[in-house]
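Below is one structure; the comments refer to it alone.
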Amino acid sequence: MKNYCDYDAIVHYQPGAFNQQYKTILAGKTAEIDRIQYVSQVVESFQNGEYRSFRTLQPLILYRVFGQYSGSDHADAKGAKLFGGFASTEFAESVIDAKLRLALDPSWMNTKMYEAKLLIPTNTTISVGIVAPVRLKSGTILPGGADQVLLPLGWPEEWITGYRRVTGRQLQAQPYFLRSKPGEYDTKNSLFTKICPACGCEQTRVLLEHERFTIIGKKGNQYEMSNVCLNPQCQYYW
Ligand SMILES: [Zn+2]
């Protein structure tokens, strides 16, 4: 049985409804320490300015959404660096869901194109709260609501266990993270490369004419599959 795209079966869910099943639970895995002090801009990024600081008692999985955009000479580079301080206990369900759950103001220019999966070691000091809502200039409110974890400054690359592209479509299964590190900046071209809608992998292939096949969806509609994901763990057709 092939893993293929049945558009009829795609169910949209509320932001945060899916990843909560998989999120890292911090209770019992951390010991509270004296609160680490931060500049007001950082404090205000936590809901109601509330956060607590901890020392980890065991390795913990965290996620960081990032992405920088640049023109050809990198002089105008903008966005969120891989090694920024903010992480979360939940993975991004899609680009839009990440924007809502992490309250990522578009003016910060985080492309939200990538997510790094981190394994932070025992005895790491972190601060934890909830992502505060952000009101955009347009009046729109990004609600936040994810756990926000502030990492120590200068955390090392060794903590990263994998990377992935954040999908445009909501994940329906746990994401795959691959070892290959994305480039530091994206340009107009790389922002729009085709990715697997299921896992976000950039290694995809257009099926040859004779390889294409049609599936009957859950509601009886027909869909032709014309692409395949080359990630061996995924092999999704769409
Ligand atoms: Zn895939």
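All residue numbers refer to positions in the sequence shown, counting from 1. One-based numbering, in listed order, for ligands and for the atoms of each.
- Screening residues 228-238 for side-chain hydrogen bond (donor to acceptor under 3.5 Å, both in side chains), with sequence neighbours left out, gives R169-Y236.
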List, one per line, each side-chain donor-acceptor pair under 3.5 Å for residues 141-158, sequence neighbours excluded.
residue	atom	partner	partner atom	Å
D147	OD2	K23	NZ	3.0
D147	OD2	T89	OG1	2.8
Q148	NE2	S45	O	3.3
Q148	NE2	S45	OG	2.9
W155	NE1	G84	O	2.8
E157	OE2	K181	NZ	2.9

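- By the criterion of a separation under 2.8 Å, the protein N/O/S atoms near the Zn ion (ligand 1) amount to C196 SG, C199 SG, C229 SG, C234 SG.
- No salt bridge links R35 with E50; every basic N to acidic carboxylate O contact stays at or beyond 4.0 Å.
- In this structure, CZ in F86 is found 8.5 Å from CZ in R64, a value given to the nearest 0.5 Å.
- Listed by chain and number, the residues in a ring pair (Phe, Tyr, Trp, His ring centres under 6.0 Å) with Y114 are F66 (sequence neighbours excluded).
- Taking the six-membered ring for Trp, Y38 and Y51 have ring centres closer than 6.0 Å.
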